[in-house]
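Only one structure is covered here, and it is reproduced in the block below.
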Amino acid sequence: MTARTPYIGRFAPSPTGPLHFGSLVAAMASYLDAKAHHGLWLVRIEDVDGARNVAGADEHILASLQRCGMHWDGDVTWQTQRYPLYERALAQLGDLVYPCGCSRREIADSQINHVGHHTQALVYPGICRDGLAPGKVGRALRVKVPLAPHCVLSFDDRWAGRYSQDLTADVGDFIIRRADGYWAYQLAVVVDDGAQGITDIVRGADLLDSTPRQLYLQQVLGLPQPSYLHVPVVVNAAGDKMSKQTGAQAFDTGADPLVLLREAMLPAARFLGLEIQAETIDAFWRAATPAWAQLLQTLPRQA
């Protein structure tokens, strides 16, 4: 670590169900990174998407972390308790924010008309940037991305190495409050990380391409840029990211702790490249923390 200390990391699950094996991998990596750097490890429940929340899932998640020996520092926070912070950030963005009345279908159709075929990702073409068309109602809120010169953002990921994205060409103006009224992940996560003083973010590589949007918001909101480390994501037999949407099952079924160690924690460590020999959960962490520190020496960049 550099002088940018103390280290403050976090694990921020969504309460859409119990943690699955892929979630365990992300939690373990963030916990080990905090412990290897003698830092703090916070837990934040990202529950702003009320339509997807499952009653009791947050308590199940917290219980599973504790059963695995992952003990957080300070109090757990819930995003639904932090709406005033998001409102203040929205006000701070000022004229960069505008209402958008476009549906996903309209955005997709505009890209077909422009390039002649569907692109892999929907790039917002700025239809409502200069005002809503007659008869169109603003539903979502978007933040403007610079058009000229293009907004190209880069950062050094501690696992993946150098990553760059042309935010103007590849994303366009992006949503910070959704049409259903819920705060968008991009704004909420940036505001929360800034408010909690997060210095290091360790999470799954599925969030790698959303990081430039967060860097942009950090810049316009005057927030510091954390260090990032994106670990590989776990995929199922079909090659899809393991998630609740693809039927991933809970890794914690309430079994004996030694079964939890053998069937979940040791395999998660192996996925991260750690070969740990341990007969108890406490022994696992005693061995895994220095093993993670050693693994870090092989990665492209150290913060």
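Numbers here simply count residues along the sequence, with the first being 1.
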Q) Side chains of Q79 and D192: donor-acceptor distance under 3.5 Å anywhere? A) yes

Q | D166 side, atom CG; L153 side, atom CG - distance, nearest 0.5 Å | A | 9.0 Å

Q) Rounded to the nearest 0.5 Å, what separation is found between the CG atom of L96 and the NZ atom of K144? A) 7.5 Å

Q | Criterion side-chain hydrogen bond (donor to acceptor under 3.5 Å, both in side chains) on S210 and Q214, from CA distance to verdict | A | CA-CA 7 Å; S210 73; Q214 294 161 33; 3.2 Å; yes

Q.
In the structure I gave you, are the side-chain heavy atoms of V76 and I45 within less than 4.5 Å of one another anywhere?
A. yes

Q) Are D33 and R158 ion-paired here, with the side-chain N under 4.0 Å from a carboxylate O? A) yes

Q: Say whether Y98 and D130, considering side chains only, have a donor N or O and an acceptor N or O under 3.5 Å apart.
A: no

Q. Between D49 and Y185, is any pair of side-chain heavy atoms under 4.5 Å apart?
A. no

Q: Give the ring-plane orientation class for H37 versus Y7, where under 30° counts as parallel, over 60° as perpendicular and anything between as tilted.
A: parallel

Q) Any chance CD of Q294 has more than 12 other-residue heavy atoms, nucleotides or ligands included, within less than 6.0 Å? A) no

Q.
Apply side-chain contact (heavy atoms from CB on, under 4.5 Å) to residues R10 and V189 and explain how you reach the verdict.
A. CA-CA 11 Å; R10 49 71 161 179; V189 72; 3.3 Å; yes

Q | Non-hydrogen side-chain atoms of M28 and V25 separated by less than 4.5 Å | A | no

Q.
How close do P267 and L261 get, counting heavy atoms only, and between which atoms?
A. CD-O, 4.1 Å

Q: Hey, could you give me the CG/CG distance between L221 and L90, rounded to the nearest 0.5 Å?
A: 10.0 Å

Q) Applying salt bridge (Lys or Arg N to Asp or Glu O under 4.0 Å), which residue pairs with at least one partner in residues 211-225 are found, sequence neighbours left out? A) none

Q. Do F251 and P18 have side-chain heavy atoms sitting under 4.5 Å apart?
A. no

Q) At their closest point, which heavy atom of P99 faces which heavy atom of C128, and how far apart are they? A) O-CB, 3.7 Å

Q. Would you call the rings of H230 and Y228 parallel, tilted or perpendicular if under 30° counts as parallel and over 60° as perpendicular?
A. parallel

Q. Got a salt bridge between D193 and R44, using NZ or NE/NH1/NH2 to carboxylate O under 4.0 Å?
A. yes

Q: Could you tell me which non-hydrogen atom of L40 sits nearest to which non-hydrogen atom of D73, and how far apart they are?
A: CA-OD2, 3.4 Å

Q. Is the number of heavy atoms from other residues, nucleotides or ligands within 6.0 Å of CD (E279) greater than 12?
A. no

(Q) To the nearest 0.5 Å, what is the distance between CD on Q165 and CG on L208? (A) 9.0 Å

Q.
Any carboxylate oxygen within less than 4.0 angstrom of a Lys/Arg side-chain nitrogen, looking at D157 and R162?
A. no

Q. Atom CG in L229, atom CD1 in I201: separation rounded to 0.5 Å?
A. 11.0 Å

Q. Taking atom types as modelled, is there a side-chain donor on T211 or R203 under 3.5 Å from an acceptor on the other?
A. yes

Q: Indicate, with yes or no, if L299 and V202 share a hydrophobic cluster defined by side-chain heavy-atom contacts under 4.5 Å among Ile, Leu, Val, Met, Phe, Trp and Tyr.
A: yes

Q.
Do H60 and L65 make a side-chain contact, defined as non-hydrogen atoms from C-beta onward lying under 4.5 Å apart?
A. no

**Q.** Atom pair CD1 (I107) and CD1 (I127), whose distance is rounded to the nearest 0.5 Å
**A.** 6.5 Å

Q. Is there side-chain contact between L147 and R129, with at least one heavy-atom pair below 4.5 Å?
A. yes

Q.
Does the structure place the NZ or CZ of R142 under 6.0 Å from the centre of the six-membered ring of Y124, at an angle of no more than 45° from the ring's axis?
A. yes

Q: Kindly determine whether S227 and T199 satisfy side-chain contact (heavy atoms from CB on, under 4.5 Å), including the steps that lead there.
A: CA-CA 6 Å; S227 171; T199 63; over 6 Å; no

Q: Look at the side chain of R67 and the backbone N and O of A255, then say whether any donor-acceptor pair between them is shorter than 3.5 Å.
A: yes

**Q.** Contact summary for S103 and R139, nearest pair of heavy atoms
**A.** CA-NH2, 3.6 Å

Q) When you look at CG of D256, are more than 12 heavy atoms from neighbouring residues, nucleotides or ligands closer to it than 6.0 Å? A) yes

Q | Where F155 and L215 come nearest, the two heavy atoms and their spacing | A | CD2-CD1, 3.8 Å

Q. When hydrophobic residues are tied together by side-chain contacts of less than 4.5 Å, even through go-betweens, does I176 share a cluster with L132?
A. no

(Q) Would you say V191 ends up clustered with I175 if hydrophobic residues are merged whenever their side chains have heavy atoms under 4.5 Å apart, either directly or through other cluster members? (A) no

Q. Is the closest side-chain heavy-atom distance between I8 and D200 below 4.5 Å?
A. no

(Q) Would you say the rings of W72 and F11 are close, in the sense that their centroids are separated by under 6.0 Å? (A) no

Q. Would a hydrophobic clustering, with Ile, Leu, Val, Met, Phe, Trp and Tyr connected at side-chain separations under 4.5 Å, put L167 with V152?
A. no

(Q) With a 4.5 Å cut-off on side-chain heavy-atom distances among I, L, V, M, F, W and Y, is there a chain of contacts connecting Y182 to V97? (A) no

Q. Does D156 use its side chain to pair, donor to acceptor, with the backbone of G161 at less than 3.5 Å?
A. no

Q. At their closest point, which heavy atom of G172 faces which heavy atom of V123, and how far apart are they?
A. N-CG1, 4.0 Å

Q) Can L266 and F271 be said to form a side-chain contact (heavy atoms from CB on, under 4.5 Å), step by step? A) CA-CA 9 Å; L266 289 173; F271 181 85; over 6 Å; no

Q | Minimum side-chain heavy-atom gap M70-W285 below 4.5 Å | A | yes

Q.
Working note: L62 + V43, criterion side-chain contact (heavy atoms from CB on, under 4.5 Å); need CA distance, chi angles, decisive distance, verdict.
A. CA-CA 9 Å; L62 297 176; V43 171; 3.9 Å; yes

